[in-house]
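Here's the structure we're looking at; comments come further down.
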Amino acid sequence: SFVVPSGVAGLASAQIWADVDDIISKESNLISFEYAAIPKTPPVVFQVAPRKSSNFGGITVSVFMSNVKIVADVSKVRVQVTLLDETHLLVASADTTSNIKVLSQMSQTMISFNTPVFSGGGVATIGIWEVGRENLIAKTTLEIIDENIALLIFAYPSVAKANEEAIIEVGVERLGVLPPLANMYASSSPGVSISIQSAYKSGLNSVLVVRLKRDDINIHGYVNVTLAACSEVQECLKKSVQFTFLFRDQNAVYVNEVSPVTMFVDGRLPVSLDIENLPSGLTRTDFAVTFLSNTTVATVRSVEYKPQ
């Protein structure tokens with residue numbers, strides 16, 4: 001092995017000579033290689049993994065770049081992460097918690113680091129450069145998740161008849177310590193009674209059991225629901241979640257279930273529907289199933305009436 005001398009960009013060749021003795025020397029065939037120009041434009045970021053991090057920090061993020069001069073000294077790497085008015089400059093030699101690492105080759109360079117702590121969330125900008133080449137900054141973005149903001153996971157069921165009382169299980173992530181039920185907030189649209197029946201922890205998540213009921217069973221449509229882990233929602237906006245719920249017309253024709261919901265494109269699969277509020281005595285010839293995407297009419301094979 002040997003260290004190549006400096007050169008100009010382009011193709012080059014080399015030859016190996018070996019002195020066998022004072023008189024005889026032997027030479028190899030020519031070997032070809034290429035000098036690549038040192039990049040004079042900013043690096044190109046082609047991957048960031050992962051794309052999201054916690055505002056609590058400590059998540060290892062790797063940035064993959066091309067068009068980078070080989071970085072031989074990690075102590076010369078600088079990583080700057082900015083979110084709104086908070087900026088953190090990460091330096092490997094000065095901050096061991098940043099854990100900056102470099103894997104650099106001519107084809108690509110990977111620089112990884114631990115994310116710093118932020119007070120909130122949003123889209124952070126990342127700048128990476130090498131000391132002495134500050135004008136060639138690699139830039140990218142990273143989504144910072146605010147772990148203090150509650151996140152709705154599910155609300156089930158999402159629909160009920162307008163003349164029924166709905167009991168809904170609501171899963172929430174990052175809700176924190178659950179206060180007594182009397183100190184929790186629940187509100188809905190006008191004309192809807194709402195209360196939190198119970199609340200409990202399921203692993204790191206919280207589950208709230210909510211009761212909803214329409215005051216007037218003849219009013220149908222979607223209603224808004226807001227839940228919060230405090231007595232006044234304005235006091236803890238970060239610990240609140242919202243979702244919508246449908247009170248449907250209890251007398252309207254309604255499809256409760258479709259099975260299966262996935263099929264092959266050749267269409268050779270029986271599908272069963274569970275439908276409410278159809279008159280009894282209907283036969284399969286009384287039905288037509290059309291597909292709106294291509295106006296195809298399906299053949300109804302059988303109809304079974306189930307009294308409620």
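Note that this is a predicted model, so its numbers are computed, not measured. Along the sequence shown, residues are numbered consecutively beginning with 1.
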Can you confirm whether [X] sits close enough to [Y] that some side-chain heavy atom of one is under 4.5 Å from a side-chain heavy atom of the other?
X      : Y      : value
Val170 : Val207 : no
Arg78  : Val91  : yes
Asp215 : Ser193 : yes
Leu269 : Phe264 : no
Lys69  : Thr109 : no
Lys139 : Val45  : no
Val241 : Leu151 : no
Leu227 : Tyr185 : no

Give the minimum heavy-atom separation between [X] and [Y], together with the two atoms involved.
X      : Y      : result
Ser54  : Ile144 : C-CG2, 4.1 Å
Val271 : Met263 : CG2-CE, 3.8 Å
Cys236 : Ala228 : SG-CB, 4.1 Å
Glu86  : Ser119 : OE2-OG, 2.6 Å
Leu208 : Ala199 : CD2-CB, 3.4 Å
Leu175 : Ser206 : CB-OG, 3.7 Å

Are Phe245 and Phe247, when compared by the centres of their aromatic rings, separated by less than 6.0 Å?
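Yes.
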Counting distance only, does the side-chain N/O of [X] pair as donor-acceptor with the main-chain N or O of [Y] below 3.5 Å?
X      : Y      : answer
Gln15  : Ser28  : yes
Ser112 : Val61  : no
Asn277 : Gln250 : yes
Glu134 : Gly132 : yes
Asn55  : Val117 : no
Asn183 : Pro180 : no
Asn148 : Gly120 : no
Glu27  : Ile16  : no

Go through the steps to decide whether Val81 and Thr87 satisfy the test side chain to side chain contact (heavy atoms under 4.5 Å, CB included), and finish with yes or no.
CA-CA 6 Å; Val81 188; Thr87 297; over 6 Å; no
Once you measure the plane-to-plane angle for Phe64 and Phe46, does it fall in the parallel (<30°), tilted (30-60°) or perpendicular (>60°) bin?
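It falls in the tilted class, 30° to 60°.
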hydrophobic_cluster_shared for [Y] and [X], side chain cutoff 4.5 Å:
X      : Y      : value
Leu212 : Leu181 : yes
Val289 : Ile275 : yes
Val48  : Met65  : yes

Only one of Thr115, Asn99, Asn114 forms a side chain to side chain donor-acceptor pair (under 3.5 Å) with Thr60, so which one is it?
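Among Thr115, Asn99, Asn114, the one that satisfies the side chain to side chain donor-acceptor pair (under 3.5 Å) with Thr60 is Asn114.
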Determine whether the side chains of Asn224 and Ser188 contain a donor N or O and an acceptor N or O closer than 3.5 Å.
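No, no side-chain donor-acceptor contact under 3.5 Å.
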Flag for Glu143-Thr141: side-chain donor and acceptor within less than 3.5 Å:
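Looking only at side-chain atoms, Glu143 and Thr141 do not form any donor-acceptor pair under 3.5 Å.
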Side chain to side chain contact (heavy atoms under 4.5 Å, CB included) between Ile126 and Gln80, intermediate numbers included:
CA-CA 6 Å; Ile126 299 175; Gln80 181 171 287; over 6 Å; no
Between Ile167 and Val210, is the side chain to side chain contact (heavy atoms under 4.5 Å, CB included) condition met? List the steps.
CA-CA 6 Å; Ile167 302 298; Val210 179; over 6 Å; no
Pair Glu147, Arg174 - check salt bridge (charged side-chain N to carboxylate O under 4.0 Å, His left out), show working.
CA-CA 7 Å; Glu147 299 288 356; Arg174 306 196 294 262; 3.6 Å; yes
Please determine whether side chain to side chain contact (heavy atoms under 4.5 Å, CB included) holds for the pair Ile70 and Gln105, giving the CA-CA distance in whole Å, both sets of side-chain angles, and the decisive distance to 0.1 Å.
CA-CA 6 Å; Ile70 292 179; Gln105 300 174 339; 5.7 Å; no
Are any of the side-chain nitrogens in Glu165 or Arg211 under 4.0 Å away from the carboxylate oxygens of its partner?
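Yes.
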Indicate yes or no: does Glu276 engage Arg248 in a salt bridge with an N to O separation below 4.0 Å.
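A salt bridge is present here (some side-chain N lies under 4.0 Å from a carboxylate O).
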